[in-house]
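Naming convention: chains lettered A, B, ... in sequence-line order (proteins, then strands); numbering from 1 in each chain. Since the structure is predicted, the reported quantities are computational estimates derived from the model, not experimental observations.
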Amino acid sequence: MRNKIKRNCYCGDLRVEHEGKEVCLAGWVQTRRDLGGLIFVDLRDRSGIVQVVFNPEHKEALKTADKIRSEYVIAVKGKVFRRPEENVNPKIPTGYIEVMGNELEILSAAKTPPFAIEDDVKVDESVRLKYRYLDLRRPQMLRNVIFRSKVNKAIRDFLDANGFLEIETPILTKSTPEGARDYLVPSRLNPGEFYALPQSPQLFKQILMISGMERYYQIARCFRDEDLRADRQPEFTQLDMEMSFIDVEGVITLNEKLIKYVTEKVTGTEIEIPFPRMTFKQAMEKYGSDKPDTRFGMEMVDISHIVSDSNFKVFSQAVKGGGCVKGLNIKKGGETFSRRQIDELAEKAKEFGSKGLAWINITLEGIKSPIAKFFDEKTLAKIIDALQGETGDLIIFVADTNTELVMTSLGSMRIYLAKTLNLIDKRKLNFLWVTEFPLLEYSEDEKRFVAKHHPFTSPMDEDISLLDKEPAKVRAKAYDIILNGTELGGGSIRIHDAALQKKMFETLGFSQERAENNFGFLLRAFEYGTPPHGGIAYGLDRMIMLLLGLESIRDCIAFPKTQNASCLMTEAPGEVDIKQLKELHVQVKI
RNA sequence: GGCCCAGUAGUUCAGUUGGUUUAGAACGCCAGCCUGUCACGUUGGAGGUCGUGGGUUCGAGUCCCAUCUGGGUCGCCA
């Protein structure tokens, strides 16, 4: 580059105190306003925008300024002037001054961008993704990138100060069963064999504990070949950590300090610790979800005991069949929901898996409800009392012989209602621990128990004896950290006893051979002195999305992929040369 | 894999029951004028594979079928 003007300060930093100073700036042309003999240029760099003026006193510069267009890259030498009162622009931080340009150099011309480089630009996301380098120039996107960088730094500062080592683990690794679909990489040197990209560094971090590292962390890229969502990308970043000689309490308290430190550092919002905790069972019973959103109330109430002997067979038979009846009180819902809208709610409930929706509308004129006639006055009063029903409220019920279905469908209704009725205070940051997850869950597909977290999760000591007879009842030393109804991360204390690990594999229906094939290296490592250990992993993209209040994870990832898992900028994935395939011993059939 | 929404100028959109001429508007872009603009103003101008393919029809941006792309969601994501 032959440019003579060397930058010595940043556009967004200039203030009245710099008056009279000769400055050299460089950046992109935000806008050019040509008044004939006078040209104004808003110059933008990473720090912000400042107005540069070109007038006939500097003929060469003015002549060059005539040629520049939006997004040209220029360098300017000029003097900082305080603007006269009537020319101040209070809308921008640098609006009290301007730079009188006396030298101007065009460093690079630019095509007209396909969309304006400004916030709240009305443009389809696919256009933004195709021209991501332009999209990232927008202040909002720049802010997100900077924010993310600050989060990473705060994490590193905290963990470093707490004795953690940042250790990298392989990207080319081994495919393991269970869990998500793997991304595979063919091996040139080993024909017919494949690496898998890691779904998480899980096994390596446990090995690192056996290696005596004691405290490990990594801001690790992870890969899962599953369908995408607004908060799910095929490659994403985990804050992964593991500690030796630790228990559930230890992991939780350290992580509360970490979250407090990081959040306060990057948002300035004060975070109170310790966070509330609830068990998986409590979460399901009250909120119908293992990741409750506690920013609003409307908790579920069980009325099974009240209606078990009632004449309303939908309710009584649900209870007698081993299920339950639960209700939600939509405060003042009787006033907001018309009869027709209540019917729409019932349709919604069906979408969420329930067979129907019963309701009681407590109006000024008395109870309105298609099911009231089945109950005597005393029972009806008890039901309403249980849900703290008052005049104007609308109470809805779901009943089923499948208790879990009642909880999850009503839980989904709860979230749906909160969104439609605007019950959520978006300024809140409600962190919450959910503990005592079930160790196992029965898979109808595979006709066996599978690990809810992963196969290395330790059962709770008092439940180990249940492993043989009632595996479904065994609780795990596992915990999730929830923020505003979204799972931020999760982890567990691991099994460090070879015999217990073996038993776990048996319960999961793994043959010894299969366990050896898939996890042999880990089992072998376990035999050489394994410290008790445990850890946690956060979805870092998701955490940043939530802290920034973004709707999509894509807005805090510099180069995200579309729902089709393709990159509109690079056009990945793409076809490759036949020669490459041959070297990899890969034949393509479509 | 299922369901839903969208695709018309560089961008965001309008385009009625299928028929008003050459498919419009705004912003952007280009050119002229303009010394205090900051959403500069002003005069003029250029710019279209109506996502793609097929079908119905005298006639399709509009109706039908298929397909592609982007988004949301269910399944899936230990």
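- Between G28(B) and G55(B), the distance separating the two C1' atoms is 38 Å to the nearest Å.
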List, with names and distances, any nitrogen or oxygen atoms from the protein found under 3.5 Å away from nitrogen or oxygen atoms belonging to nucleotides 71-73 of chain B.
from: G71(B); atom 1: OP1; to: Q563(A); atom 2: N; distance (Å): 3.2
from: G71(B); atom 1: OP2; to: Q563(A); atom 2: N; distance (Å): 2.7
from: G71(B); atom 1: O3'; to: R554(A); atom 2: NH2; distance (Å): 3.2
from: G71(B); atom 1: N7; to: Q563(A); atom 2: OE1; distance (Å): 3.4
from: G72(B); atom 1: OP1; to: R554(A); atom 2: NH1; distance (Å): 3.1
from: G72(B); atom 1: OP1; to: R554(A); atom 2: NH2; distance (Å): 3.0
from: G72(B); atom 1: OP2; to: Q563(A); atom 2: NE2; distance (Å): 3.0
from: G72(B); atom 1: N7; to: Q563(A); atom 2: OE1; distance (Å): 3.3
from: G72(B); atom 1: N7; to: Q563(A); atom 2: NE2; distance (Å): 3.4

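- Mapping R33(A) and F115(A) onto RNA chain B via the closest heavy atom, the residue that lands nearer the 5' end is F115(A).
- Set against G70(B), A39(B), A31(B), the side chain of S566(A) has G70(B) as its closest nucleotide.
- The residue S200(A) sits close to a base: some heavy atom pair falls under 4.0 Å.
- Applying the salt bridge (Lys or Arg N to Asp or Glu O under 4.0 Å) test to K503(A) and every residue at least two apart in sequence or in another chain returns D468(A).
- Here salt bridge (Lys or Arg N to Asp or Glu O under 4.0 Å) pairs that include residues 476-492 of chain A, with residues two or more places apart or in two chains, are D461(A)-K477(A).
- Checked against salt bridge (Lys or Arg N to Asp or Glu O under 4.0 Å), D182(A) has no partners two or more places apart in sequence or in another chain.
- A straight line from CZ of R181(A) to P of A78(B) spans 12 Å, rounded to a whole angstrom.
- Here G41(B) presents its C1' atom at 14 Å from CZ of R32(A), a figure rounded to the nearest Å.
- U17(B) sits 45 Å from G41(B) when the C1' atoms are compared, rounded to a whole Å.
- Within the 4.0 angstrom heavy-atom criterion, base atoms lie near M100(A).
- One atom, CG of D124(A), and another, P of A9(B), lie 12 Å apart when rounded to the nearest Å.
- Ring pair F437(A)/F280(A) is tilted by interplanar angle, where 30° to 60° counts as tilted.
- Rounded to a whole Å, the CD1 atom of I117(A) is 12 Å from the C1' atom of U11(B).
- For the P atoms, the distance linking G19(B) with C77(B) amounts to 50 Å, nearest Å.
- With rounding to whole Å, D34(A) atom CG is found 10 Å from U35(B) atom P.
- Nucleotide A6(B): paired with U69(B) (Watson-Crick or G-U wobble, both distances less than 3.5 Å).
- Screening residues 507-525 of chain A for salt bridge (Lys or Arg N to Asp or Glu O under 4.0 Å), with sequence neighbours left out, gives E516(A)-R524(A).
- Distance CZ (R138(A)) to P (U11(B)): 15 Å, rounded to an integer number of Å.
- Applying the side chain to side chain donor-acceptor pair (under 3.5 Å) definition to pairs two or more places apart or across chains, those involving residues 556-566 of chain A are E235(A)-K561(A), T562(A)-S566(A).
- Of the candidates D42(A), N89(A), L43(A), V50(A), T94(A) forms a side chain to side chain contact (heavy atoms under 4.5 Å, CB included) with just one, namely V50(A).
- Note: CD (E86(A)) to P (U35(B)) measures 18 Å, nearest angstrom.
- Here the separation of A31(B) from U37(B), taken at their P atoms, is 24 Å to the nearest Å.
- Taking K355(A) as the reference, D400(A) meet the salt bridge (Lys or Arg N to Asp or Glu O under 4.0 Å) condition, with sequence neighbours excluded.
- The main-chain N or O of A180(A) is found under 3.5 Å from a side-chain atom of Q199(A) such that the two form a donor-acceptor pair.
- Looking at residues 41-58 of chain A, you'll see Q51(A), P56(A) sit with a heavy atom under 4.0 Å from some atom of RNA chain B.
- For C77(B), its base never sits under 3.5 Å from the side chain of R224(A) at any donor and acceptor pair.
- Closest to the V123(A) side chain, of the nucleotides U37(B), C77(B), U11(B), is U11(B).
- With P as the reference atom, A9(B) and C76(B) are 40 Å apart, rounded to whole Å.
- Here K130(A) does not reach the OP1 or OP2 of U69(B): none of its side-chain N or O atoms lies under 4.0 Å away.
- Across all strands shown, E98(A) has heavy atoms under 4.0 Å from base atoms, whether or not it also approaches the sugar-phosphate.
- In this structure, R414(A) forms a cation-pi arrangement with F296(A), its terminal cationic atom sitting closer than 6.0 Å to the ring centre and no more than 45° off the ring axis.
- Evaluation of atom-type donor-acceptor distances gives no pair under 3.5 Å for the side chain of E226(A) against the base of G75(B).
- Straight-line distance between the C1' atoms of U67(B) and U73(B): roughly 22 Å, to the nearest whole Å.
- For the P atom pair drawn from U57(B) and A14(B), the interatomic distance equals 31 Å after rounding to whole Å.
- Look at the C1' atom in both C64(B) and G72(B): the space between them is 26 Å, to the nearest Å.
- Partners of D119(A) according to the salt bridge (Lys or Arg N to Asp or Glu O under 4.0 Å) rule, which considers only residues two or more places apart in sequence or in another chain, do not exist here.
- Nearer to the 5' terminus of RNA chain B, by closest-nucleotide assignment, is the contact made by L568(A) (compared with the other of F456(A) and L568(A)).
- What separates CD1 of I495(A) from P of A78(B) is a distance of 18 Å, to the nearest Å.
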